[in-house]
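What follows is a short report on a single structure.
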Protein chains: 2
Amino acid sequence: MQVAMVQDQVRVIKALAHPARLEIARALAEGEKSVGDLQALVGGDLSTVSKHLTLMRRAGWIDCRKHGQQVLYRLACACLPTFLRCIDEIAVRSSDCDC
Amino acid sequence: MQVAMVQDQVRVIKALAHPARLEIARALAEGEKSVGDLQALVGGDLSTVSKHLTLMRRAGWIDCRKHGQQVLYRLACACLPTFLRCIDEIAVRSSDCDC
DNA sequence: GCCAAGTTTGGCAATTTTGTCAAATACGAA
DNA sequence: TTCGTATTTGACAAAATTGCCAAACTTGGC
C-alpha cells in the first residue's frame, strides 16, 4: 500500500469524523440540500457549515450544483449506508462496555 | 439521533482516521499480532503504537488478550473489509480530480 | 525474591483541526 | 447598475490530536 494512497484514505475517513459532518452526510442521504438547509440542521455559523462541505467535497463524499443563488449539495457515493451500518454496529457495541 | 450516539459514532470513525491506525487495522484483518509486531509494521515509538491500540480498542474496533509477556490484538468486528472497500472506492475517485 | 522482555501510562511540546468574525464573491431581481 | 440573498474565503485564537521521552507496570524465568 502506497503512502499517498493511505493519506487519501485517511482524508476520506476524516471527512466524516466530526459530529456536524456525520449529520450532514446522513441528511444528504435523504436528498439534495442547500448550505442554509444544512445550517438549520447542524447549527453554528454558516461559514463553518460551508467549510465542512468543502472538506467533504474534496474528500469525494459529496457533489454540488448551482441552482439560482443556492448551492445544492448531494451524496456522491452509494456506499454511505453500508459505511454507517458498520459504524453504528461498532458504536453500539463499544458503548455497552467502556472498560 | 441522540447527541451521545453521534459522539460514539464519531469516536469509532476517528479511531481509523490516522495512517498508522488504518494500517494496523488492515494488518489485524489478517490475524492476531503483538504490539511489537505492529510497531515493526508502522514504525515510531512503541508507546505511540500502544496508544493507538488503546484508542482503537476503546472505540470497539479491536480486542486483546494476554499471551505470556505479550499482548495480542485482533479485530473485533467483521465489517472492516466492507468499510475499507467503501473508503478505497471514494479515495480512488477523489484522487482522480482534486478540484 | 530479582531480573529482563513486553507493554502501558504520564507529561509535555509541536502540529493540526475547529469555529467565528469580517470581508469578498456569485447571482437574480428591480 | 444597485440591492439583497446565498455562499465562500481569509485571518486568527481556541481546542484537540499527535509523538516522543521517561517512568511505571506486568509476566515469566531463574
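Chain A is the first sequence line, chain B the second, and so forth, proteins listed ahead of strands; every chain is numbered from 1.
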Set of residues satisfying side chain to side chain donor-acceptor pair (under 3.5 Å) with respect to A/E32, sequence neighbours excluded: A/R65
Does a nitrogen or oxygen in the side chain of B/Y73 sit under 4.0 Å from OP1 or OP2 of C/dG6? no
Are A/L84 and B/V3 in one and the same hydrophobic cluster, where Ile, Leu, Val, Met, Phe, Trp and Tyr link if side-chain heavy atoms are under 4.5 Å apart? no
For residues A/V6 and B/I13: do they belong to one hydrophobic cluster (side chain heavy atoms under 4.5 Å, members Ile, Leu, Val, Met, Phe, Trp, Tyr)? yes
Taking C-beta and beyond as the side chain, do B/D8 and A/V92 meet within less than 4.5 Å on heavy atoms? no
What does the B/S/- profile of nucleotides 25-30 of chain C look like, 5' to 3', with a 4.0 Å heavy-atom cutoff to protein? -SBS--
Would you say C/dG19 has OP1 or OP2 under 4.0 Å from some side-chain N or O of A/H52? yes
Rounded to the nearest 0.5 Å, how far apart are CG of B/L72 and CG of B/D63? 12.0 Å
DNA chain D contacts among residues 40-48 of chain A, heavy-atom distance under 4.0 Å: A/L46, A/S47
Leading and trailing nucleotides of DNA chain D with any atom under 4.0 Å from heavy atoms of chain A: D/dG4 to D/dA11
By nearest nucleotide on DNA chain D, pick out whichever of B/A17 and A/L72 is the more 5' one. A/L72
May I have the distance from A/K14 (atom NZ) to C/dT17 (atom C1'), rounded to whole angstrom? 8 Å
Counting only N and O atoms by type, is there a donor-acceptor contact under 3.5 Å from the side chain of B/Q39 to the main-chain atoms of B/D45? no
Approximate separation, where rounding is to 0.5 Å, of A/E23 CD and A/H18 NE2: 10.5 Å
Using the test side chain to side chain donor-acceptor pair (under 3.5 Å), find all partners of B/H52 that sit at least two apart in sequence or belong to another chain. B/R21
Side chain to side chain contact (heavy atoms under 4.5 Å, CB included) partners for A/K33, two or more places apart: A/A27, A/L28, A/D37, A/L38
Please report the interatomic distance CZ(B/F83) to CD1(A/I90), rounded to the nearest 0.5 Å. 7.5 Å
Between A/V42 and A/T48, does the side-chain contact (heavy atoms from CB on, under 4.5 Å) criterion hold? Intermediate values first, please. CA-CA 10 Å; A/V42 303; A/T48 300; over 6 Å; no
Using a 4.0 Å heavy-atom cut-off, does B/K51 contact any base of the nucleic acid, only the sugar-phosphate backbone, or nothing at all? base
When rounded to whole Å, the CD to C1' distance for the pair B/Q70 and C/dT8 reads 15 Å
Which residues pass the side chain to side chain donor-acceptor pair (under 3.5 Å) test with A/D88, sequence neighbours left out? A/R26, B/Q9
Applying disulfide bond (SG atoms under 2.5 Å apart) as the test, list every pair that has at least one member in residues 47-84 of chain A; sequence neighbours left out. A/C79-B/C86
Near-strand residues of residues 20-36 of chain A, defined as heavy-atom separation under 4.0 angstrom from DNA chain D: A/S34, A/V35, A/G36
Not counting sequence neighbours, list each pair that qualifies as a side chain to side chain donor-acceptor pair (under 3.5 Å) and has a residue in residues 67-80 of chain A. none
Kindly write out the residues that satisfy side chain to side chain donor-acceptor pair (under 3.5 Å) with B/S50, not counting sequence neighbours, or none if the list is empty. none
For B/L55 and C/dT8, what is the distance between atoms CG and C1' respectively, to the nearest whole Å? 14 Å
A/L41 and A/V49, any side-chain heavy atoms less than 4.5 Å apart: no
Can you pull out how bent the helix from C/dG1-D/dC30 to C/dA30-D/dT1 is, comparing the axes over its first five and last five pairs, to 10°? 20°
Rounded distance in Å - NE2 (B/H18) to P (C/dT15): 15 Å
Whole-Å distance separating the NE2 atom of B/H67 from the C1' atom of C/dA5: 15 Å
